[in-house]
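Have a look at the structure below, then the notes.
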Amino acid sequence: MSENFHDIEKKMQRFWDERGIFKTNPNPKKKYFILDMFPYPSGDLHIGHSRNYTIGDTVTRFKKIRGFDVLHTFGWDAFGLPAENAAIIHKIHPEAWTKENIEISKKHLKELGIAFDWDAETTTCDPDFYRWNQYFFIKFYERGLAYRKESYVNWCPNCQTVLANEQVKDGHCWRSTCGSAIEKRKLTQWYFKITDYTQQLLDGLKELKHWPEPVKIMQENWIGRSEGVEVNFKLEDGTVVPIFTTRPDTLFGVTFMALAPDAVLAETISKGTEYEKKVKDYIAEALKKPEIERAGTETEKTGVFTGKYAINPLNNERIPVYIADFVLASYGTGMIMAVPGHDQRDFEFANKYKIPIKVVINPSETKLKVDLMDKAYIDEGVMTNSGQFDGMNNIQGIEKVTDYLESKGLGKRTVNYRLKDWLISRQRYWGTPIPMIHCPKCGIVPVPLDDLPVLLPKNITDYVPKGKSVLAGVPEFINTTCPVCGGKAERDPDTMDTFVDSSWYFLRYTDPKNDKMPFDPKRTNQWMPIDEYVGGIEHATGHLIYFRFFTRVLHDMGMLKCSEPCDILHTHGMVKLDGITMSSSKRHGVWLGDFLKEHGADVCKLAVLFAAPPEKEIDWTNEMVTGVSRFLSRIKALYENTTPNFDLPKSVIANITMQSPEQNLYIRLNQTIKKVIDDSERIQYNTAIAALMEFLNDLTGFENKENPVYKYSLGIMIRLLAPFAPHISEYLWLKYSGKEHSVFEETLPEPDTSALSFTSITIPIQIQGKLRSKIDVSVDTSEQDIKSQALADEKVKKWIEGKKIKQIIYVPNRLVNIVTSLPENNIDK
RNA sequence: GCCGGGAUGGCGGAAUUUGGUAGACGCAAGGGACUUAAAAUCCCUCGUUCUUUAACGGACAUGCCGGUUCAAUUCCGGCUCCCGGCACCA
């Protein structure tokens, strides 16, 4: 083998390209849609990226060689802040910067030899793509799923834009390079009404049989369904103030009410009273605090008395109303009933502001004394001080009190969710313009569909964020005419969250060139749902909820048959270097370009697959390369000495003699085929590769290199190895098979099931569950024979001497366990 | 705090689906062969420990403590530690 791996890899990549073997079949018979989470184009790729694409590549090649029509293509999540920041720093247009990065990344991916159909490549900052974001926005608007409202929103002071809830991590900006503390601002913004689909998104999780359980649990928690009661309290002036509670059994213990500082009522409740100024100052102070300071559980709760009282509908008690920073405006009704005796938060607040505490539930054995309580009692117990409910178990009490409230019209059963509507406006330049027009006469008017796309203007020089969209300062973009009345009007200056792009990009993959619609349902429904989706776990509660939401809306619009986008989800672990996740933006990693130069693509693929099972994290070390690199060299050496055979005549199989080395080899071959297929189906590629290494050891140890079984094994080995080390496998295939077509146009052989087990096996013998000996028997030996052989074994005899055999357990083909006891006359000694 | 996941040799990891020979495969390490030498390659050893001339011998060993079982890394109960998610959600 005179050619080095660079030449081989280049040649094979050209061969696949020219033959177009990974081009999408427009009329698939056995479809298989494999999707990698598309990346932000960050330029230089590192080993962490290659792990994601290598997994997808291996799935693709494995499915292809098993006879599927695969769809596996690629795209770029090309809008977003880094391009804009680069523009500010380097004075280069975001588009130029983005395109340049795409070229670099693409070059690396091609050198890695990932099996993509590049003809279907999709880039979200192309008008051909983003016009359909605008199309969907208008369609959502028509269905009441896109709306504008004013409220307090997450504001990143560094990025100078709002963020969705999913983009706030620990009260800080989600972007790893930003991380600023998030503030609250009152703004009018566009939202997608994902809350119309909350229950569907929750119920749909049950259909996702092949999603990792942790991801489903995370989504379930994120959605946060909780059942309770909305109880109507009244202020003394008669204003009804509903509150949500899951603990109606504690209603008799309410000693104060609390209102969120950003709740609507908070602004007006003290108006015209002596409390007005104090309350106003408090609200201003509370909202100025960064989210993290206000929301942390460790932070001391604060509040202010409003001067108003509410009436408890159950016992008509008069209770003070506070404004308190621990109450969230966005959950329930923005107001709570507080039961300090049985809620820890209320307990702390009550202690601080000297509000009385009332016990309404006692533990079954004792009675609580308020003076002695150092924390709220939140466990199960017996109701007390609760009128007609006294003596009742409080769990039953929840139902009974609720029934009572409903029967008196004082409240009703309600379900609340933690999930909020999806805020999609961004005050930034590099994104999809929101296709809405603000007309002084007609109000908000969508851009007519025929006028799409609303192009993002390119002649911008100043990207520095000023707290409002860059586009607001571009008159030739902003000024337009109203499509309804024809009068002067203005375009919406905001752009869309890039999670809109990633919510449907995979659908575009199925019909990438369509210029009449985002995709033709006839084509797309042939491929949907996605069969396997490979990506990082960090998208569990963001993207992976959004794309389910989009799928359901498009299903309701009649564009998609499926209501869930994806059958199997694989979340792979991060690749770290020195304990820190590899990152392009932080320039921390092992760079793919350098790696490929030194080791080549096949070694890169094998190394990341062999290092650990896909879901685990990898802490990268250079030693991970050595083993697989040796493995490939040893493989090559095999074929230098012997020419493989691709067929094994029946006559040869028939002549294989029992217990011969060639019989053993034939059995090992078929065991390997089975193991590689089984492991690959559940993407346990590390053990599939280990099986190939074991078989290589068998081949190396086999003496007669001209034996037909040996030569046939070499032929099979090429195909088994192909999904993991595609370049070298293709090279060997083309060199020795005499065929013109690719190894990936072959089919993987199925194991010869008659040759999966050896004719003789070793049975371990245990005494009292401890391994004491082993015997070799032929597979058809009867249980009786095996037991007597076991008892006749020399070592076994020594162990059972002088003991009584109580029982002999035989697990077919697995083991024998002899249970003994001391003879009667020995027991007393 | 709540919800997940995990803990196996010097290291990455197998075996956990269905309880049945714990440590596959690889790395590192040690020894040897080849070589003027090195690299590469090949062969052998490789959980701990005890007895021993020697082990194809015994004991111990899958985070810790208990339980179920003929048999537990696997099942059950109780802990410890690590990682991830959520974090005043009423």
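Throughout, a chain's letter reflects where its sequence line sits, starting with A, and its residues are numbered from 1.
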Next item on the list: With the side chain of A:Ile809 defined as its heavy atoms from C-beta on, choose the nearest nucleotide among B:C70, B:C27, B:C88.
Entry: B:C70
Note to self: Check this one for me: any side-chain N or O of A:Ser226 less than 4.0 Å away from OP1 or OP2 of B:A90?
What the structure shows: yes
Next item on the list: Measure from the side chain of A:Arg772, starting at C-beta and using heavy atoms only, and say which of B:G58, B:G13, B:G4 lies closest.
Entry: B:G58
Check: Can you find a pair of side-chain heavy atoms, one from A:Met335 and one from A:Val327, that are under 4.5 Å apart?
Finding: no
Checklist line | Distance, P atom - from B:G5 to B:G10, rounded to whole angstrom | finding: 28 Å
Next item on the list: Nearest whole angstrom, please: distance from the P of B:G6 to the CD of A:Glu617.
Entry: 15 Å
Next item on the list: Would you mind telling me which of B:C70, B:U21, B:C86 lies closest to the side-chain atoms of A:Trp222?
Entry: B:C86
Notebook entry, point to check: Roughly how many Å is it from CG in A:Leu609 to C1' in B:G26, rounded to a whole number?
Noted result: 14 Å
Note to self: Using heavy-atom distances to pick each residue's nearest nucleotide on RNA chain B, tell me which of A:Pro214 and A:Thr626 is more 5'.
What the structure shows: A:Pro214
Notebook entry, point to check: Where does B:G31 land, syn or anti, given syn is within 90° of 0?
Noted result: anti
Next item on the list: Between B:C25 and B:A14, how far apart are the P atoms? Round to whole Å, please.
Entry: 14 Å
Margin query: Between A:Trp799 and A:Asn221, which residue's closest nucleotide on RNA chain B lies nearer the 5′ terminus?
Written below: A:Asn221
Notebook entry, point to check: Touch check for A:Val327, heavy atoms < 4.0 angstrom, all strands: base, sugar-phosphate only, or nothing?
Noted result: base
Note to self: Give me the distance, rounded to whole Å, that separates B:G6 from B:U62 when you measure between the C1' atoms they each carry.
What the structure shows: 13 Å
Margin query: Measuring only the C1' atom in each nucleotide, how far is B:C64 from B:U8? A whole number of Å is fine.
Written below: 15 Å
Next item on the list: Write down the distance between CG (A:Asp262) and C1' (B:C88), rounded to a whole number of angstrom.
Entry: 14 Å
Check: Given atom CE of A:Met218 and atom P of B:C83, what is their separation to the nearest angstrom?
Finding: 16 Å
Next item on the list: Would you check if A:Met373 and A:Val359 make a side-chain contact, meaning some heavy-atom pair closer than 4.5 Å?
Entry: yes
Item checked: Approximate separation, where rounding is to 0.5 Å, of A:Ile194 CD1 and A:Leu419 CG -> 5.0 Å
Notebook entry, point to check: Nearest of B:A14, B:U21, B:A90 to any side-chain atom of A:Gln684?
Noted result: B:A14
Scan the side chains in residues 686-697 of chain A for donor-acceptor partners under 3.5 Å anywhere in the protein, sequence neighbours excluded, and list what turns up.
unit_1   : atom_1 : unit_2   : atom_2 : d
A:Thr687 : OG1    : A:Asp679 : OD2    : 2.9
A:Thr687 : OG1    : A:Gln684 : O      : 3.0
A:Asn697 : OD1    : A:Arg634 : NH1    : 3.2
A:Asn697 : OD1    : A:Arg634 : NH2    : 3.0

Item checked: Under-4.0 Å side-chain N/O to phosphate OP1/OP2 contact, A:Lys169 with B:C86 -> yes
Notebook entry, point to check: Which nucleotide in the list B:C88, B:G13, B:G20 gets nearest to the side chain of A:Pro613?
Noted result: B:G13
Item checked: Contacts of type side-chain contact (heavy atoms from CB on, under 4.5 Å), residue A:Glu399, not counting sequence neighbours -> A:Arg413
Next item on the list: Please find out if less than 6.0 Å separates the ring center of A:Tyr353 from that of A:Phe256.
Entry: no
Which atom pairs, donor and acceptor, lie under 3.5 Å between side-chain atoms of residues 607-630 of chain A and protein residues at least two apart or in another chain?
unit_1   : atom_1 : unit_2   : atom_2 : d
A:Asp619 : OD1    : A:Gly579 : N      : 3.4
A:Thr626 : OG1    : A:Glu623 : O      : 3.4

Margin query: Between B:U74 and B:U16, how far apart are the two C1' atoms, rounded to whole Å?
Written below: 5 Å
Next item on the list: Name all residues meeting the side-chain hydrogen bond (donor to acceptor under 3.5 Å, both in side chains) criterion together with A:Lys787; count only those two or more places apart in sequence or in a different chain, and write none if there are none.
Entry: A:Glu783
Next item on the list: Find the distance A:Leu606:CG to B:C27:C1' and express it as a whole number of Å.
Entry: 15 Å
Listing time: all N or O pairs from protein to nucleotides 22-25 of chain B that are below 3.5 Å?
unit_1 : atom_1 : unit_2   : atom_2 : d
B:A24  : O2'    : A:Glu694 : OE1    : 3.4
B:A24  : O2'    : A:Glu694 : OE2    : 3.1

Note to self: If I pick the C1' atom on B:C83 and the same atom on B:G78, what distance separates them, to the nearest angstrom?
What the structure shows: 22 Å
Check: Nearest to the side chain of A:Gln807, which nucleotide is it out of B:U21, B:C70, B:C56?
Finding: B:C70
Compile the donor-acceptor pairs under 3.5 Å between side chains in residues 209-218 of chain A and protein atoms, sequence neighbours left out, one pair per line.
unit_1   : atom_1 : unit_2   : atom_2 : d
A:Trp211 : NE1    : A:Cys566 : O      : 3.1
A:Lys216 : NZ     : A:Leu208 : O      : 2.8

Check: To the nearest Å, how far apart are A:Tyr685 OH and B:G13 P?
Finding: 19 Å
Item checked: Residue A:Asn817, side-chain heavy atoms: nucleotide from B:C27, B:A87, B:G20 that is nearest -> B:G20
Note to self: If the condition is ring-ring contact (aromatic ring centres under 6.0 Å, His included), which residues does A:Tyr685 pass it with, not counting sequence neighbours?
What the structure shows: A:Phe724
Notebook entry, point to check: Any side-chain N or O of A:Arg634 less than 4.0 Å from the OP1 or OP2 oxygen of B:C42?
Noted result: yes
Next item on the list: Could you tell me whether the side chains of A:Gln167 and A:Arg175 share a donor-acceptor contact shorter than 3.5 Å?
Entry: no
Notebook entry, point to check: Any side-chain heavy-atom pair from A:Val231 and A:Pro248 closer than 4.5 angstrom?
Noted result: no
Margin query: Pairs counted only when both distances fall under 3.5 Å, Watson-Crick or G-U: show me the 5' to 3' dot-bracket for RNA chain B, [ ] for pseudoknotted crossings and | for other-strand partners.
Written below: (((((((..(((.......[....))).(((((.......))))).((((......))))..(((((..]....))))))))))))....
Check: Atom OH of A:Tyr417 to atom P of B:A90: distance rounded to whole Å?
Finding: 13 Å
Notebook entry, point to check: Within the structure, does a side-chain N or O atom of A:Lys770 lie under 4.0 Å from either OP1 or OP2 of B:C60?
Noted result: yes
Note to self: Tell me whether the side-chain N/O atoms of A:Lys806 come closer than 4.0 Å to OP1 or OP2 in B:C70.
What the structure shows: no
Item checked: P-based separation of B:U73 from B:G19 [nearest Å] -> 14 Å
Check: What distance, rounded to whole Å, do you find between the two P atoms, one in B:U17 and one in B:A72?
Finding: 15 Å
Checklist line | Rounded interatomic separation in angstrom, taking CZ from A:Phe256 and P from B:A90 | finding: 16 Å
Check: Can you list the residues that meet the ring-ring contact (aromatic ring centres under 6.0 Å, His included) rule with A:His570, with sequence neighbours excluded?
Finding: none
Check: Counting just side-chain N and O atoms, does A:Arg418 come under 4.0 Å of either OP1 or OP2 of B:A90?
Finding: no
Checklist line | Candidates B:A90, B:C86, B:G20 - which lies nearest the side chain of A:Arg814 | finding: B:G20
Checklist line | Selection from B:G13, B:C88, B:C56 that lies nearest to any side-chain heavy atom of A:Lys795 | finding: B:C56
